[in-house]
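Just below is one structure, and these are the notes that go with it.
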2 protein chains.
Amino acid sequence: MNRLSILNTDLKSLGLKATPQRLAILEFLHGNTSHPTAEAVYQALKPRYPSLSLATVYNTLEALQKAGKVVEITINPLRRHFDPDTGFHHHFFCRSCQGITDLEGDPAFLPRAEIPAGFKLEEVIIHYYGLCPGCQKKL
Amino acid sequence: MNRLSILNTDLKSLGLKATPQRLAILEFLHGNTSHPTAEAVYQALKPRYPSLSLATVYNTLEALQKAGKVVEITINPLRRHFDPDTGFHHHFFCRSCQGITDLEGDPAFLPRAEIPAGFKLEEVIIHYYGLCPGCQKKL
DNA sequence: TTGGATGCAAAAGATTTGCACTCCC
DNA sequence: GGGAGTGCAAATCTTTTGCATCCAA
C-alpha cells in the first residue's frame, strides 16, 4: 500500500470523500513542521494542482481540524497557522521573522489548578515568544 | 488631582500627546476586564466622542502597547483583543461565546526549561480554552 | 509655530460565502 | 444518480495606510 492509498483510507475513515485536492493537502501536511497558513498550503500546491482554489484549502483545513487531523495555532496575531502534528507539544514564535518552532512539552507539567469552578477546561496552550537564533544574529 | 489629570500626566510621561481621544480611550480601558477589540473600544466611545475614528483607536492601542500600558491578547483566531491589565495573569477563552476571562497565575510556575539553546525567550503565554459557566448551561 | 495626531476614505489581507458545476461513492 | 466537494468571484471582516487638516505643547 503506497502513501496515497493510506491517505485515501485515512480520509474515508474520517467520513470525508477522498478527492485529489484533499489527498494533495494531506500529503503536503504529512510530517510538515513549517506550520503553514492556508495561503502557504495553497501556494505550495498550486504548481502541481493548478486548478486548486484557496477556498478548497480553507474548507479542507477546517474539515481536517474537525476530524482531529490538524490543529490550528493561534500564536500570530495576524494570521492562522496549521499544524499536522496533533501530539502534545508547544510552539515558539519569533517576533522578528514570525517563524514558529516546535518545542517539546511535558503533559504532566500543565497548570490547571487555577480554573474557577464552573468552567469546563478543554485545552491548555503554552506559547513562547521571543527571537529565534537566526534573527538574534541579524539584530 | 482628578482622574483625567492623572491620565493626562500618564500620557505625557510616556512621551505621548494628551489628546482628548487618547484620554477617552485610556479612561475606558482603566480597570476594564472585558478584553475589548479595537472595534469594541470604538463602539463604546463613539456615542460620547462622535468624531472618533477607528484608525485613531488602532493608533492609540498600538502606542499604548509600545508604551507597555496595554497588552495584546492573541487567543481568538479571528481578532485581536487588548488588555489594560499588564500584571501577570492568564486568560480563559470560551469557544462558544468567545468571551475572555482573567485567571490568576503564578509566575514561579512557568515552564521554560525546554527552550533550545540559541533562542531568546521574552515571554511565556498560557491560554486556557473551553466553555465558560454560562455557555455550559446553554449547551 | 510645528510636528505629532486625527479623521476620512481607500486599500490591503485574511477568511467566508453563494452558486453553478463536477465527480466521488 | 445524488450529494458532497470544488472553483470562481464577490462579499465580509479586520487592520493598515495615505493624506489633508487639526491642535497640543
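This is a predicted model, so every value here is computed, not measured. Throughout, protein chains are lettered first and strands after them, A, B, ... in sequence-line order, and every chain is numbered starting at 1. Basis for what follows: all heavy atoms, side chains included, without hydrogens, waters or symmetry-related copies.
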Handout entry: d(CD, B:Glu72; C1', D:dT15) in whole Å
Key = 11 Å
Exercise for the section: Could you tell me whether B:Glu104 atom CD has more than 12 heavy atoms of other residues or ligands within 6.0 Å of it? Expected result: no
Completion exercise
Rounded to whole Å, NZ of A:Lys66 lies from P of D:dG5 at a distance of 11 Å
Exercise for the section: Verify the contact: side-chain N or O of B:Ser53 to OP1 or OP2 of C:dT6, cut-off strictly under 4.0 Å; return yes or no. Expected result: no
Practice task
Figure out the CG/P separation between A:Leu11 and C:dC24, and round it to whole Å.
Solution key: 13 Å
Problem - Whole-Å gap separating C1' (C:dA5) and CD (B:Glu62) - result: 14 Å
Handout entry: Minimum side-chain heavy-atom gap B:Lys46-B:Leu52 below 4.5 Å
Key = no
Practice task
May I ask you to check whether over 12 heavy atoms, not counting those of B:Glu62, lie within 6.0 Å of atom CD?
Solution key: no
Exercise for the section: Rounded off to whole Å, could you give me the OH-to-P distance for the B:Tyr49 and C:dA5 pair? Expected result: 18 Å
Exercise for the section: Check the distance between D:dA9's P and A:Asn59's CG and give it to me in whole angstrom. Expected result: 17 Å
Exercise for the section: Remember a base hit wins even if backbone is also touched, and classify B:Ala18 as base, sugar-phosphate or nothing at under 4.0 Å, heavy atoms. Expected result: sugar-phosphate
Practice task
Looking only at side-chain atoms of B:Gln21, point me to the closest of D:dG7, C:dC25, C:dT6.
Solution key: C:dT6
Practice task
Output yes when at least one side-chain N/O atom of B:Thr56 is less than 4.0 Å from OP1 or OP2 of C:dG7, else no.
Solution key: yes
Practice task
Select from B:Thr60 and B:Pro77 the residue whose nearest nucleotide in DNA chain C is closer to the 5' end of that strand.
Solution key: B:Thr60
Exercise for the section: Give the ring-plane orientation class for B:Phe93 versus B:Tyr129, where under 30° counts as parallel, over 60° as perpendicular and anything between as tilted. Expected result: perpendicular
Exercise for the section: Looking only at side-chain atoms of A:Arg79, point me to the closest of C:dT15, D:dA25, D:dT17. Expected result: C:dT15
Exercise for the section: Using a 4.0 Å heavy-atom cut-off across all strands, classify B:Pro20 as base, sugar-phosphate, or nothing. Expected result: sugar-phosphate
Handout entry: Closest to the B:Tyr58 side chain, choosing from D:dT6, D:dT14, C:dA14
Key = D:dT14
Completion exercise
Regarding the side chain of A:Leu78, the nearest nucleotide among D:dA24, C:dT6, D:dT15 is D:dT15
Completion exercise
With the side chain defined as heavy atoms from C-beta on, B:Arg22 is closest, among C:dT6, D:dT15, C:dG7, to C:dT6
Exercise for the section: Choose from D:dG7, D:dG5, C:dT15 the nucleotide whose nearest atom is closest to any side-chain atom of A:Thr19. Expected result: D:dG5
Exercise for the section: Give the rounded distance in Å between these two atoms: NE2 of A:His81 and P of C:dA14. Expected result: 10 Å
Practice task
Give B:Leu52 one of three labels, base, sugar-phosphate or nothing, depending on what nucleic acid heavy atoms sit under 4.0 Å from its own.
Solution key: sugar-phosphate
Problem - Which residue lies more 5' along DNA chain D, comparing B:Thr37 with B:Leu16 via nearest heavy atoms - result: B:Thr37
Exercise for the section: Please check if any side-chain donor atom of A:Ser5 sits under 3.5 Å from a side-chain acceptor atom of A:Asn8, or the reverse. Expected result: no
Problem - Listed nucleotide nearest any side-chain atom of B:Arg80, set C:dT6, D:dT16, C:dC24 - result: D:dT16
Handout entry: Mutual orientation of the aromatic rings belonging to B:His35 and B:His89 [parallel < 30°, tilted 30-60°, perpendicular > 60°]
Key = tilted
Practice task
Rounded off to whole Å, could you give me the NZ-to-P distance for the A:Lys17 and D:dG2 pair?
Solution key: 13 Å
